[in-house]
S.K.: 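Structure below; questions to follow.
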Amino acid sequence: MTFPVVGMVGGGQLARMTHEAGIPLGIRFKLLSDTPQDSAAQVVGDVVVGDYRDLETLRSFAQGCDVITFDHEHVPTEHLRALEADGIPVRPGPDALVHAQDKGVMRERLGRMGIPAPRNRLVRDQADVAAFAAEGSGFPVVLKTVRGGYDGKGVWVVREADDPSAAEPFKAGVPVLAEEKVEFARELAANVVRSPHGQAVAYPVVESIQTDGVCDTVIAPAPGLPEAAAVHAQELALRVAHELGVVGHLAVELFETREGELLVNELAMRPHNSGHWTQDGAVTSQFANHVRAVLDLPLGDPRTRAPWTVMANVLGGDFPDMYSAYLHCMARDPQLKIHMYGKAVKPGRKVGHVNVYGDDLDDVRARAAHAAGYLRGTVVE
Ligand code: ADP
């Protein structure tokens with residue numbers, strides 16, 4: 001058999017790093033990208049520029065692909081069903097992926113599975129929001145558009161019934177999910193990878209620190225998390241992957257309450273920011289395991305290479321020339337691993353990340369923060 005072709009829909013950094021992980025395996029890659037400048041389109045040889053919302057574009061892209069996978073969740077579910085009906089393996093398939101596409105569907109399904117979550121309800125208008133709050137613990141309430149949100153876009157915290165922001169979510173014309181605002185102690189993520197024949201691996205549970213709804217730092221493993229809680233989170237993620245029939249990487253984002261309870265926030269069925277640390281800190285990265293899973297190859301070892309790995313995102317700042325910061329960062333820390341996405345620097349935009357691993361968490365964390373800050377143009381001591 002010749003080496004297979006993985007068709008990747010979406011040209012962002014997740015596609016770029018998945019492609020990178022397939023190179024040593026000789027896996028061929030075909031990319032459907034919005035523009036020739038997208039992060040992955042800059043590095044993949046076989047690029048189709050087109051609109052993933054158009055079924056005919058998807059159909060012609062799928063010609064010559066052995067499997068289709070994704071770097072985002074936004075391909076219409078009915079198009080994925082049409083591709084499957086054409087006989088093209090779509091991984092994850094639409095019946096699984098819909099739970100990462102639609103927060104309402106996800107909440108309903110996980111609720112039926114008895115998985116703990118913030119109290120929630122689909123709402124149609126501000127009166128529904130007020131009723132939801134009154135029946136529970138009151139305001140604040142978190143409102144979310146069920147489809148299309150990312151990095152906190154599509155999430156509003158409403159502080160009172162006539163809060164002006166309470167009208168915003170309803171303007172998009174899509175259903176809105178209301179949730180109690182959880183006063184969580186921190187956010188965790190349980191990352192697993194599952195293949196079509198049902199093999200699955202679980203990465204160590206990580207802590208994910210967000211600033212303004214955007215992931216800033218990930219610490220692997222989550223410091224101070226009791227082993228029983230870590231195992232519970234891994235089992236929960238494996239169960240979700242199994243029952244939903246997920247193929248590929250699944251990130252289960254969790255809230256850890258002050259009492260130590262774990263509530264599911266959301267699901268992502270693709271490589272995820274909370275798994276970027278695995279590129280340098282695990283025996284097999286999330287990207288390599290995603291490629292293996294969608295091709296139904298045996299999965300690689302998810303265990304860590306060092307006691308601690310810290311990933312810090314490099315967000316765009318006021319300083320556009322990040323390359324000029326390499327001299328300082330590389331000279332200061334020869335163990336630093338820099339991953340840049342080839343994206344134009346815009347304030348707040350994720351343009352890269354760094355990974356640092358070692359034995360001492362405080363040291364590893366400080367080095368990652370310094371490098372990410374320096375690349376951005378903010379010097380962190
Ligand atoms: P997105 O799809 O944009 O990533 P999320 O549902 O993950 O949206 O929400 C983004 C962030 O908003 C979360 O990481 C968390 O910090 C906060 N958030 C979301 N839901 C709640 C909630 N019910 N209670 C408290 N904070 C929340």
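Worth saying up front: this structure is predicted, and the values here are computed from it rather than measured. First listed ligand is number 1; within each ligand, the first listed atom is number 1.
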S.K.: Starting from atom 17 (C) of ligand 1, which protein heavy atom do you reach first, and at what distance in Å?
M.R.: Phe255 CZ, 4.6 Å
S.K.: Under the 4.0 Å line, does any protein heavy atom show up next to atom 21 (C) of ligand 1?
M.R.: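 It does; a protein heavy atom is within 4.0 Å.
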S.K.: Are any of the heavy atoms in Glu183 under 4.0 Å away from ligand 1?
M.R.: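 So Glu183 does not count as touching ligand 1.
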S.K.: Applying a heavy-atom cut-off of 4.0 Å, say which part of Val182 lies close to ligand 1: side chain, backbone, both or neither.
M.R.: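 The answer is both.
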S.K.: So which heavy atom in the protein is nearest atom 13 (C) of ligand 1, and how far is it from that ligand atom?
M.R.: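 Residue, atom and distance for the closest contact: Glu187 OE1, 3.6 Å.
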S.K.: Can Lys350 be said to sit on top of Tyr341's aromatic six-ring, NZ or CZ under 6.0 Å from centre and within 45° of the ring axis?
M.R.: no
S.K.: I'd like to check Phe132 versus Val141 (side-chain heavy atoms, cut-off strictly below 4.5 Å). Are they in contact?
M.R.: yes
S.K.: May I ask you to identify, for Asn265, whether its side chain, its backbone, both or neither come under 4.0 Å of ligand 1 on a heavy-atom basis?
M.R.: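 Side chain only.
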S.K.: Do Lys171 and Glu168 meet the salt-bridge criterion of a basic N to acidic O distance under 4.0 Å?
M.R.: yes
S.K.: Please state which protein non-hydrogen atom is closest to atom 4 (O) of ligand 1 and give its distance, to 0.1 Å?
M.R.: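 Atom 4 (O) of ligand 1 sits closest to the protein heavy atom Glu266 OE2, 3.0 Å.
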S.K.: Taking the minimum heavy-atom distance to atom 9 (O) of ligand 1, which of Leu267, Val155, Val141 ranks first?
M.R.: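 Considering heavy atoms of Leu267, Val155, Val141, the nearest to atom 9 (O) of ligand 1 sits in Val155.
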S.K.: Nearest to atom 11 (C) of ligand 1, what protein heavy atom do you find, and at what distance?
M.R.: Gly213 CA, 4.7 Å
S.K.: Can you list the ligand 1 atoms lying under 4.0 Å from a non-hydrogen atom of Lys181?
M.R.: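 With Lys181 as reference, the close atoms of ligand 1 come out as 24 (N), 25 (C).
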S.K.: Using a strict cut-off of less than 4.0 Å between a Lys/Arg side-chain nitrogen and an Asp/Glu carboxylate oxygen, indicate whether Glu108 and Arg112 qualify as a salt bridge.
M.R.: yes
S.K.: Starting from atom 6 (O) of ligand 1, find the nearest protein heavy-atom neighbour and note its residue, name and distance.
M.R.: Lys144 NZ, 2.8 Å
S.K.: One thing to verify: whether Glu179 and Arg107 come together as a salt bridge, which I'm taking to mean a side-chain N less than 4.0 angstrom from a carboxylate O.
M.R.: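 The answer is yes: the pair qualifies as a salt bridge.
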S.K.: Using distance alone, decide if ligand 1 has a nitrogen or oxygen within less than 3.5 Å of any nitrogen or oxygen in Gln210.
M.R.: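 N/O-N/O distance below 3.5 Å does not exist for this pair.
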S.K.: Does this structure show an ion pair linking Arg159 with Asp163, if we count only N-O contacts that are shorter than 4.0 Å?
M.R.: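 Salt bridge between Arg159 and Asp163, a charged N being under 4.0 Å from a carboxylate O: no.
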S.K.: Using a strict cut-off of 4.0 Å, indicate which atoms of ligand 1 neighbour a heavy atom of Glu180.
M.R.: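 In order of numbering, the contacting atoms are 22 (C), 23 (N), 24 (N).
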S.K.: Could you tell me whether Pro118 and ligand 1 have an N or O pair separated by under 3.5 Å?
M.R.: no
S.K.: Can you name the side-chain hydrogen bond (donor to acceptor under 3.5 Å, both in side chains) partners of Glu84, sequence neighbours left out?
M.R.: none
S.K.: Quick test: of every protein heavy atom, which one is nearest to atom 2 (O) of ligand 1, and how far off is it to 0.1 Å?
M.R.: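 Result for atom 2 (O) of ligand 1: Lys103 NZ, 2.6 Å.
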S.K.: Measure centre to centre between the rings of His370 and His328, then say whether the value is under 6.0 Å.
M.R.: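 Under 6.0 Å, so yes.
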S.K.: Between Tyr52 and His74, how do the two ring planes meet: parallel, tilted or perpendicular, split at 30° and 60°?
M.R.: tilted
S.K.: For residues 258-267, dump all side-chain donor-acceptor pairs below 3.5 Å to protein atoms at least two apart in sequence or in another chain.
M.R.:
residue	atom	partner	partner atom	Å
Asn265	OD1	Lys144	NZ	2.9
Asn265	ND2	Glu253	OE1	3.4
Glu266	OE1	Lys103	NZ	2.8

S.K.: Should you measure from each heavy atom of Glu253, which atoms of ligand 1 turn up under 4.0 Å away?
M.R.: 7 (O)
S.K.: For atom 3 (O) of ligand 1, what's the nearest protein heavy-atom neighbour? Residue, atom name and distance, please.
M.R.: Gly152 N, 2.6 Å
S.K.: Could you identify the single nearest non-hydrogen protein atom to atom 26 (N) of ligand 1 and state the distance to 0.1 Å?
M.R.: Phe184 CE2, 3.5 Å
S.K.: Quick check: do His197 and Gln199 have side-chain heavy atoms less than 4.5 Å from each other?
M.R.: yes
